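Note sheet for the following structure.
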Amino acid sequence: MPEKKLYTDSAIEIKQVYTADDVPASSQAEKPGQFPFTRGVQEDMYRGKLWTMRQYAGFSTAEESNKRYHYLLSQGVMGLSVAFDLPTQIGYDSDHPLAEGEVGKVGVAIDSIEDMQTLFKGIRLEEVSTSMTINATAYILLSLYVALAKQQGADLKKISGTIQNDILKEYAARGTYIYPPQPSMRIITDIFEWCSRELPKWNTISISGYHIREAGSTAVQEIAFTLSNGKAYVKAALAKGLDINVFGRRLSFFFNAHNNLFEEIAKFRAARRMWANIMKELGATDPKAMMLRFHTQTGGSTLTAQQPQNNISRVTVQTLAAVLGGTQSLHTNGYDEALSLPTEEAARIALRTQQIVAFESGAADTVDPLAGSYYVEALTSEIEQKAYELIATIDAMGGSVSAIEEGFIQEAIARSSYEYQRRIENGEKIIVGVNKFQSTEKDTTPVFRVDDSIRQVQSQKLARLRNDRDPAKCDQVLQYLSDKATSGENIMPTVIEAVEQKCTLGEIADTLREVYGEYK
């Protein structure tokens, strides 16, 4: 009887048994905290400091989100992670006609400095690390955060956090872009340049594979397309004359953790090794500029609406993958997120999952505990090789921007997504509770809904704001912004001035729409 063939989700064949012959000799000499960082970016990893436990939260108004942040901080969260609603992500104020039906739904509505003040009421920005999942309008949200820090009297040199700011994956997988690729890249390098001087502890970009994976890519595609996008940002910054050893230290990554435990661990290890070599080739000499530091979120697309409590087990496996793979921070999804925004109970269980892995499982006690596993080392190298093949194809097309403009990356993700769904539907891929082990019991999981009246509340706030500000000063600073965008000067100081003068997010985004146009 022929041996049954098994494959990872990236179609890598899995041998029945692995031996020392399958392990590359080079991997045996690798040490944690040393180039190429396969085994982790710190020598002591979690023995020195645990990963940052973040919980991604934001919904409704700034007032409601602020309450959830205080609750999460009281439960042991170490850093905040802000979700913004769709109008905020694509540069529309809450009272814009296109915002109708979306205000406060998938995240918090932020229209102005006043919303930012409310969002972080009672929270000292110097004392908390904040991650903001925002891309096309990242420059505005960062400016709002900086303006608030200044109002609090904070030392900007001590402010720490991350903006996602990764526009290339928006064109490839997610869709919340505003401007065409070239001006979008220019805004990103303005942020790199300004932060390297004024906000040295801030991570200026979180290059995201998460959404590439959520759109249906394989693990191999996730790191290949993400690292390729990373190369594009680095090359854009180098073309602007920035120092790779300075801005390279502030690049971070954002990856997904799915259910195939060993493939996910190997993916994280391979990504670190690849990025170290990519940065070295691009001219980095400072080891800290070669380190791939990353945040992980458990896989949203792996959560099922059927038997939702099963998702607690899925998130636990994914948490182990992230921790055994050496993540720097982690968000765990609520078990109910296939049904609605997470309830407070679901958010607490998700956080407790991280805490149980950290303090009870022993997974954090030694550095890179799966190093030397014949299977994990072989899989790390195989994922690396296949990801490099994809990157070589993209390089031959002229890099990520060209590959996105030609539709190559989008088509590759779509093909993988189709193939994965086909395997579920024909039973090759088992999803517990969905295509096997189904239950006829009625689900009674409570769901969390955001009221449509939020838009009216936000619109009233905007009306008051526009009455209370100096319109002449607003017009003047928006004209300055238009001039800077046209001339090619760094726009960040003027955007900060604009939010301080109570210009709204939509007004600032529209000013640049007039200069750059919109990407269709």
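This one's a predicted model, so the numbers in the text were calculated from it and none came from an experiment.
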* Asked: With a 6.0 Å cut-off on ring centres, are Phe37 and Trp275 close enough?
  -> no
* Backbone of Arg186 reached by a side-chain donor or acceptor of Thr189 within 3.5 Å -> yes
* To do: Examine distances only and state if a side-chain atom of Arg249 and a backbone atom of Ile244 form a donor-acceptor pair shorter than 3.5 Å.
  => no
* Asked: Would a distance-only check, ignoring hydrogens and angles, find a side-chain to backbone donor-acceptor pair under 3.5 Å from Glu263 to Ser10?
  -> yes
* Hey, mind stepping through Glu30 and Arg273 against salt bridge (charged side-chain N to carboxylate O under 4.0 Å, His left out) and telling me if it holds? -> CA-CA 10 Å; Glu30 291 178 341; Arg273 186 155 72 204; 3.4 Å; yes
* Asked: Do Leu242 and Ser196 come close enough that some side-chain heavy atom pair is under 4.5 Å?
  -> no
* Side-chain contact, heavy-atom cut-off 4.5 Å: Ile14 with Phe262? -> no
* Given the rule in the side chain to side chain contact (heavy atoms under 4.5 Å, CB included) test, do Leu168 and Met185 qualify, once you have shown the distances and angles that lead to the verdict? -> CA-CA 9 Å; Leu168 291 178; Met185 295 292 278; 4.1 Å; yes
* Take atom NZ of Lys240 as the centre, draw a 6.0 Å sphere, and report whether it contains more than 12 heavy atoms from other residues, nucleotides or ligands. => yes
* Rounded distance (nearest 0.5 Å) linking atom CD1 of Ile409 with atom OG of Ser217 -> 10.5 Å
* Looking only at atom types and distance, does a side-chain atom of Asn277 sit under 3.5 Å from a main-chain N or O of Pro36, one as donor and one as acceptor? -> no
* Asked: Distance-only, no hydrogens or angles: does the Thr316 side chain make a donor-acceptor pair with backbone N or O of Ile312 under 3.5 Å?
  -> yes
* Could you tell me whether a side-chain N or O of Asp22 sits under 3.5 Å from a main-chain N or O of Tyr18, the two making a donor and an acceptor? => no
* Checking salt bridge (charged side-chain N to carboxylate O under 4.0 Å, His left out) for the pair Arg422/Glu419: CA distance, chi angles, key distance, verdict? -> CA-CA 5 Å; Arg422 186 193 65 76; Glu419 177 58 23; 2.6 Å; yes
* Hey, what do you get for OG1 (Thr304) to CG (Asn435), rounding to the nearest 0.5 Å? -> 11.0 Å
* Stepwise, does the salt bridge (charged side-chain N to carboxylate O under 4.0 Å, His left out) test hold for Arg513 with Glu518? -> CA-CA 6 Å; Arg513 276 186 179 95; Glu518 286 191 81; 3.4 Å; yes
* Asked: Quick check: does any side chain N or O of Gln354 sit under 3.5 Å from a backbone N or O of Leu330, one acting as donor and the other as acceptor?
  -> yes
* Could you go step by step and tell me if Gln42 and Gln328 meet the side chain to side chain contact (heavy atoms under 4.5 Å, CB included) rule? -> CA-CA 10 Å; Gln42 284 105 16; Gln328 276 58 68; 4.2 Å; yes
* Answer with yes or no whether the side chains of Ser400 and Ser228 bring together a donor and an acceptor at under 3.5 Å. => yes
* To do: Would you please test Tyr210 and Phe255 for ring pair (Phe, Tyr, Trp, His ring centres under 6.0 Å) and show each step?
  => CA-CA 5 Å; Tyr210 184 85; Phe255 289 120; over 10 Å; no
* **Validation row: Leu86, Thr176 side chains within 4.5 angstrom (heavy atoms)** => yes
* **Close side-chain approach of Tyr171 to Lys169, heavy-atom, < 4.5 Å** => no
* Does the distance from a Lys or Arg side-chain N to an Asp or Glu carboxylate O, for Lys386 and Glu389, drop under 4.0 Å? -> no
* For the side chain of Gln410 and the backbone of Ile404, is there at least one donor-acceptor N/O pair under 3.5 Å apart? -> yes
* Is there a donor-acceptor pair under 3.5 Å between the side chain of Thr137 and the backbone N or O of Ile140? -> no
* **Heavy-atom side-chain proximity of Asn165 to Ile134 below 4.5 angstrom** => no
* When you look at OH of Tyr7, are more than 12 heavy atoms from neighbouring residues, nucleotides or ligands closer to it than 6.0 Å? -> yes
* Within the 6.0 Å centroid threshold, strictly below: Tyr145 and Trp202 -> yes
* Asked: Only one of Leu292, Asn229, Ile223 forms a side-chain contact (heavy atoms from CB on, under 4.5 Å) with Phe253, so which one is it?
  -> Leu292
* side chain to side chain donor-acceptor pair (under 3.5 Å) assessment of Gln89 paired with Arg174 -> CA-CA 11 Å; Gln89 292 180 50; Arg174 193 162 169 271; 2.7 Å; yes
* How far apart are the C-alpha atoms of Ser439 and Gln307, what are their side-chain angles, what is the distance that settles it, and do they pass the side chain to side chain donor-acceptor pair (under 3.5 Å) test? -> CA-CA 8 Å; Ser439 169; Gln307 304 176 30; 4.7 Å; no
* **Neighbour count >12 (heavy atoms, 6.0 Å) for atom CD, Glu100** => no
* Would you check, one step at a time, whether the test side chain to side chain contact (heavy atoms under 4.5 Å, CB included) holds for Phe247 with Thr204? => CA-CA 8 Å; Phe247 74 79; Thr204 50; 5.7 Å; no
* Structure fact -> Value for OG1 (Thr226) from CZ (Arg213), rounded to nearest 0.5 Å, stands at 10.5 Å
* To do: Check the pair Leu142 / Cys195 against side chain to side chain contact (heavy atoms under 4.5 Å, CB included), numbers first and verdict last.
  => CA-CA 10 Å; Leu142 178 60; Cys195 287; 3.7 Å; yes
* With salt bridge (charged side-chain N to carboxylate O under 4.0 Å, His left out) as the test, would you mind laying out the steps for Glu384 and Arg269 before giving the verdict? => CA-CA 9 Å; Glu384 178 183 21; Arg269 298 174 86 251; over 6 Å; no
* To do: Establish, yes or no, whether a centroid distance under 6.0 Å links the rings of Phe294 and Phe254.
  => no
* Asked: Are Asn256 and Glu222 linked by a side-chain donor-acceptor pair shorter than 3.5 Å?
  -> no
* Kindly determine whether Thr52 and Arg54 satisfy side chain to side chain donor-acceptor pair (under 3.5 Å), including the steps that lead there. => CA-CA 6 Å; Thr52 301; Arg54 297 187 187 279; 5.1 Å; no
* Do other residues, nucleotides or ligands put more than 12 heavy atoms under 6.0 Å from the CZ atom of Phe35? -> yes
* Atom CD of Glu441 with >12 non-hydrogen neighbours under 6.0 angstrom -> no
* How far apart are the C-alpha atoms of Gln221 and Ser416, what are their side-chain angles, what is the distance that settles it, and do they pass the side chain to side chain donor-acceptor pair (under 3.5 Å) test? -> CA-CA 9 Å; Gln221 288 171 331; Ser416 295; 2.8 Å; yes
* To do: May I ask you to test the Thr353-Thr298 pair for a side-chain heavy-atom distance under 4.5 Å?
  => no
* Structure fact -> Correct closest heavy-atom pair for Asn203 and Ser252 would be CB-OG, 3.9 Å
* To do: Any chance you could measure Phe268, atom CZ, to Thr296, atom OG1, to the nearest 0.5 Å?
  => 4.5 Å
* Do the ring centers of Tyr519 and Tyr179 come within less than 6.0 Å of each other? -> no
* Considering only heavy atoms from C-beta outward, does the side chain of Gln309 approach that of Thr445 to under 4.5 Å? -> yes
* Give a yes or no answer on whether the side chain of Asn135 reaches the backbone of Asp166 with a donor-acceptor pair at less than 3.5 Å. => yes
